[in-house]
Colleague: 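My structure is below; once you've seen it, I'll send some questions.
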Amino acid sequence: MSTTRAVLDGYTRLRQQVAIMLELARAGEWDALIERQSGYLQLVDRIQQLDKETVLDRESQQSKAELLEAILADDLAIREHLMTRRSELGQLMDTSRRQRDLHRSYGKQAASLVDASDKFGPGTT
């Protein structure tokens, strides 16, 4: 296989990998997404090495550019999903921290207030 073909095949595989990662992000499959990331990074390293050693003709450059555009678009979408997830986790941590602080301050009484709020909504205690 020529190095030009190897480079384009590498970018094609990278494109496929990123598309799968995007679907995992959309589905909220965070553990699977993280597992895929290591393969993605290894593939990027291999492509970078091949890319340094290869001079592409105009047609191959165009194909590479199109693949890169698709990869970057999916990468941006993945990042947006990750930012949303980070925000969700931050809110969960804040809630947990407030519950812990209430429990430390008021003991059993706080636990019953939090339970009532969870069951009946805020402002019902």
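None of these values were measured; they are calculated from a predicted model.
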Colleague: Got a list of side-chain donor-acceptor pairs under 3.5 Å for residues 21-36, not counting sequence neighbours?
Modeller:
unit_1: E23; atom_1: OE2; unit_2: R26; atom_2: NH1; d: 2.7
unit_1: W30; atom_1: NE1; unit_2: G28; atom_2: O; d: 3.3
unit_1: R36; atom_1: NH1; unit_2: Q17; atom_2: OE1; d: 2.8

Colleague: First locate atom CD of Q62, then atom CG of L56, and finally report the distance between them rounded to the nearest 0.5 Å.
Modeller: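 Rounded to the nearest 0.5 Å, the CD-CG separation comes to 12.0 Å.
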
Colleague: After noting the C-alpha distance and the side-chain angles of L82 and R86, does the key distance pass the side chain to side chain contact (heavy atoms under 4.5 Å, CB included) rule?
Modeller: CA-CA 6 Å; L82 288 172; R86 184 178 77 174; over 6 Å; no

Colleague: What pairs meet the salt bridge (Lys or Arg N to Asp or Glu O under 4.0 Å) rule with one or both residues in residues 60-71, with sequence neighbours excluded?
Modeller: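 Of all non-adjacent pairs touching residues 60-71, those that pass salt bridge (Lys or Arg N to Asp or Glu O under 4.0 Å) are D51-K64.
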
Colleague: Once side chain to side chain donor-acceptor pair (under 3.5 Å) is applied, do any residues pair with T84, and if so which ones, sequence neighbours excluded?
Modeller: none

Colleague: Can you name the side chain to side chain contact (heavy atoms under 4.5 Å, CB included) partners of D57, sequence neighbours left out?
Modeller: E59, S60

Colleague: Please list, chain by chain and in numerical order, all residues satisfying side chain to side chain contact (heavy atoms under 4.5 Å, CB included) with Q16, sequence neighbours excluded.
Modeller: T12, R13

Colleague: What residues, two or more places apart in sequence or in another chain, satisfy salt bridge (charged side-chain N to carboxylate O under 4.0 Å, His left out) together with R46?
Modeller: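 So R46 forms no salt bridge (charged side-chain N to carboxylate O under 4.0 Å, His left out) with any residue.
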
Colleague: Got a second to check how far L76's CG is from I71's CD1, nearest 0.5 Å?
Modeller: 14.0 Å

Colleague: Do L43 and I78 share a hydrophobic cluster, counting only Ile, Leu, Val, Met, Phe, Trp and Tyr and linking them when any side-chain heavy atoms are less than 4.5 Å apart?
Modeller: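 Same hydrophobic cluster.
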
Colleague: Any sub-3.5 Å donor-acceptor pair from S87's side-chain atoms to M83's backbone N or O?
Modeller: no

Colleague: If the condition is side chain to side chain contact (heavy atoms under 4.5 Å, CB included), which residues does R97 pass it with, not counting sequence neighbours?
Modeller: M93, D94, R100, D101

Colleague: Y11, L41: one ILVMFWY side-chain cluster at the under-4.5 Å cut-off?
Modeller: yes

Colleague: R85: what forms a salt bridge (charged side-chain N to carboxylate O under 4.0 Å, His left out) with it, not counting sequence neighbours?
Modeller: E88

Colleague: Please enumerate all residues that pass side chain to side chain contact (heavy atoms under 4.5 Å, CB included) together with A19, with sequence neighbours excluded.
Modeller: R15, D74

Colleague: Where do L67 and L14 land on the side chain to side chain contact (heavy atoms under 4.5 Å, CB included) test, with the steps shown first?
Modeller: CA-CA 9 Å; L67 288 165; L14 191 62; over 6 Å; no

Colleague: Other members of the hydrophobic cluster containing L92, with the 4.5 Å side-chain heavy-atom rule, please.
Modeller: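 Besides L92, the hydrophobic cluster comprises L89, listed by chain and residue number.
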
Colleague: For the hydrophobic clusters of this structure (ILVMFWY residues joined by side-chain heavy atoms under 4.5 Å, transitively), does one cluster hold both V7 and L68?
Modeller: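 As far as the 4.5 Å side-chain criterion goes, L68 and V7 are connected within one cluster.
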
Colleague: Check salt bridge (charged side-chain N to carboxylate O under 4.0 Å, His left out) between R58 and all other residues, then give those that pass, not counting sequence neighbours.
Modeller: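 None.
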
